[in-house]
Amino acid sequence: MSDEKIDVDVEYLTRVEGHGNIKVNANDGQIEKCEWQVIETPRYFESMVVDQSWKELHHITSRICGICSIGHTLASLKATEAALGVEISEQDKLLRKLALHAENMQSHVLHVGYLALPDLMGEGSVIPLASSHPDELKTVIRLHRLSNEMSDMVCGRTTHPQRLIPGGFSKIPSEDELLQLQDKLKNSFNDLMAVADLCEEKADKFPGFSRETEFISLTNEEEYAFYEGQVRSTDTGVSPITEYEDITNEYVVEQSTAKFARNNRSSYMVGALARLNNNYDQLSPMAKGVAERFNLKPVNHNPYMNNIAQLVEVVHNVRDAINIIDTLLDNGLEPQNEYYEPQVDVQKGRGIGAVEVPRGILFHDYTYNEEGICTSGNCVIPTNQNHANIQQDMEKLAPELIENDKGEDEIELSLEMLVRAYDPCISCSTHHLDVDFVE
Amino acid sequence: MAKLGVLGIGNTLKGDDGIGIVLVNRLQDKDIPGGVEFHEVGTSGMNILHYLKDLETAVIVDAIRSEGEPGESVFFHPDEVDSDIEVRSTHDANLLEAIELSEAMGERPDRIFIMGVIPKDMPIRDELSPALQEKLPELLGKLRDKVVSLIEEEGGNTPSS
């Protein structure tokens, strides 16, 4: 065991969404401090939604996150629709599922391709890959563009969707557009397999760490759940989404301004690995084939495998999107006018909406008065549900690394990769540049 | 005319962080001749890469943290910014990294101008600070002048004022 003093102090961890710090101090092999600190300002969800009309909430909440704007829009719409008693058509539900596939693919390709691959390639960022692995990077960029195109087509634009509205869509894509998209999706399998090959080649770079934990996600008897279902925990089984507060149990910790969460144990994990662990049998055969290449089977307790679970899900997203388009075209698209506005009868009530977004299960919860004005709101985001699990992983991993005589640099990289594997979205949404001009 | 795009970056839920979006949306409503594309990029940094690919000239509007008073603005080229500093972006990739990747992939537009505006504050608030609201007409004028001068340089139609 190392008797050296270890001091890992990563401020503003790069290649994650937002501001997080990793602090580990050890002396003579004994950990003195081991903390995952999230220092982003709290986001005051309630103040964003209270006094707003049911017509506006999904537009407002879509801006909480630049990556998960479709997911926030859909969780918001589902909460509003549940509160106001609005039903949507089967066609609209299929189109919404297509939108979620687009977003999941968009986010996972971005994470695996631009943010995790540099670690596997031994590079500090994606930029050097442009010269060291140009073909692979072009493949990643092509897949990312395809997912953007898909969300543009279904939602009206890449981020902050405009066509998703309470009761359905203001505008739907044409059959020709859907066919063209389907062709492109079918042609993307070679690219997907190329990324899988690359990850497989480098899979030994993922630390062989494991810590038993609880996994929570949506589940649905009919399909691998993204859009709808009940909540499943690997520990406590299935419960309705209306019990989300009893599952998420958010609490405040001293080291962080973000909330932490716990259910049956002191922490749980959400996201691609949680979904895969809960719903593996419902993955498409091709996606399962990719999982098998990495020996990824339920229940897998290695958080680094979340990267691979994301890759597996992208394959499933593409496969299922092709099937959805088949169903839509076989049924024939029910035409609707441009700028369509579904009839909604406003009523007093509370509604809860849950969807799976790239980083895990997301809940929106609104109460409306008789005029359809929001009087209270709550939102539980996936990243907050993962913070406690990250902390506990670090508390197990750091001593193991020290015990195995790893140096400070290697400890730092392993901890950084651990946090990045969760793909945390800490700030969900400020963007500014710090600019120093060249003298 | 060469393909010209005006891209707004930021989040309108976070006070002055949304200045880029506000300016691009306001400019879009002005009398700008056809052929200019306007995009609300939002906060997903890497998506800028895909918008840049199809442009020959890009004007990017964003909030910047730099020395100066709230509402002051500056046009600069990405190459003028010290790339060695740790740029603290809150996102998947920051603007400069996306531009660098665009260049490395051979997709960078011939010309990129960044209009940086210094924010007053960026709390959870769906409007600009009074300081920036007061400066809005002036900022919009500057952005419009820049876009119009780029159109003229390319031999395009000049909008009527």
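Convention: sequence-line order gives letters A, B, ...; per-chain numbering from 1.
A:Arg142 CZ: more than 12 foreign heavy atoms inside a 6.0 Å radius. By the neighbour-count criterion of 12 heavy atoms within 6.0 Å, atom CD of B:Glu134 is sparsely surrounded, having that number or fewer from other residues, nucleotides or ligands. For NZ of B:Lys120, the number of neighbouring non-hydrogen atoms (other residues, nucleotides, ligands) closer than 6.0 Å is 12 at most. The local environment of CG in B:Asp145 is crowded, with over 12 non-hydrogen atoms from other residues, nucleotides or ligands closer than 6.0 Å.
Heavy atoms only, all atoms of each residue included: A:Ile127 and B:Leu101 are closest at CD1-N, 3.5 Å. B:Met105 approaches A:Ala130 most closely through the heavy-atom pair SD-CB, 3.8 Å.
Of the atoms belonging to B:Ile19, not a single heavy atom falls under 4.5 Å from chain A. When heavy atoms are compared at a cutoff of 4.5 Å, A:Ile141 approaches chain B by way of both its backbone and its side chain.
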Determine, step by step, whether A:Gln52 and B:Asp126 satisfy the side chain to side chain contact (heavy atoms under 4.5 Å, CB included) criterion, reporting the C-alpha distance in whole Å, the side-chain angles of both residues, the deciding distance to 0.1 Å, and the verdict.
CA-CA 12 Å; A:Gln52 301 286 348; B:Asp126 63 356; 4.2 Å; yes

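B:Leu49 contributes atom CG, which lies 8.5 Å from atom NE2 of A:His144 (distance to the nearest 0.5 angstrom). To the nearest 0.5 Å, atoms CE (A:Met48) and CZ (B:Arg125) are separated by 13.0 Å. Rounding to the nearest 0.5 angstrom, the gap separating the CD atom in B:Glu40 from the CD atom in A:Gln162 is 7.5 Å. The CE atom of B:Met46 lies 13.0 Å from the CD atom of A:Gln106; values are rounded to the nearest 0.5 Å. Summarising the geometry, atom OG belonging to A:Ser147 is positioned 8.0 Å from atom CG belonging to B:Asn47; distances are rounded to the nearest 0.5 Å. For the atom pair OG (A:Ser62) and CG (B:Leu13), the distance works out to 7.5 Å, reported to the nearest 0.5 Å.
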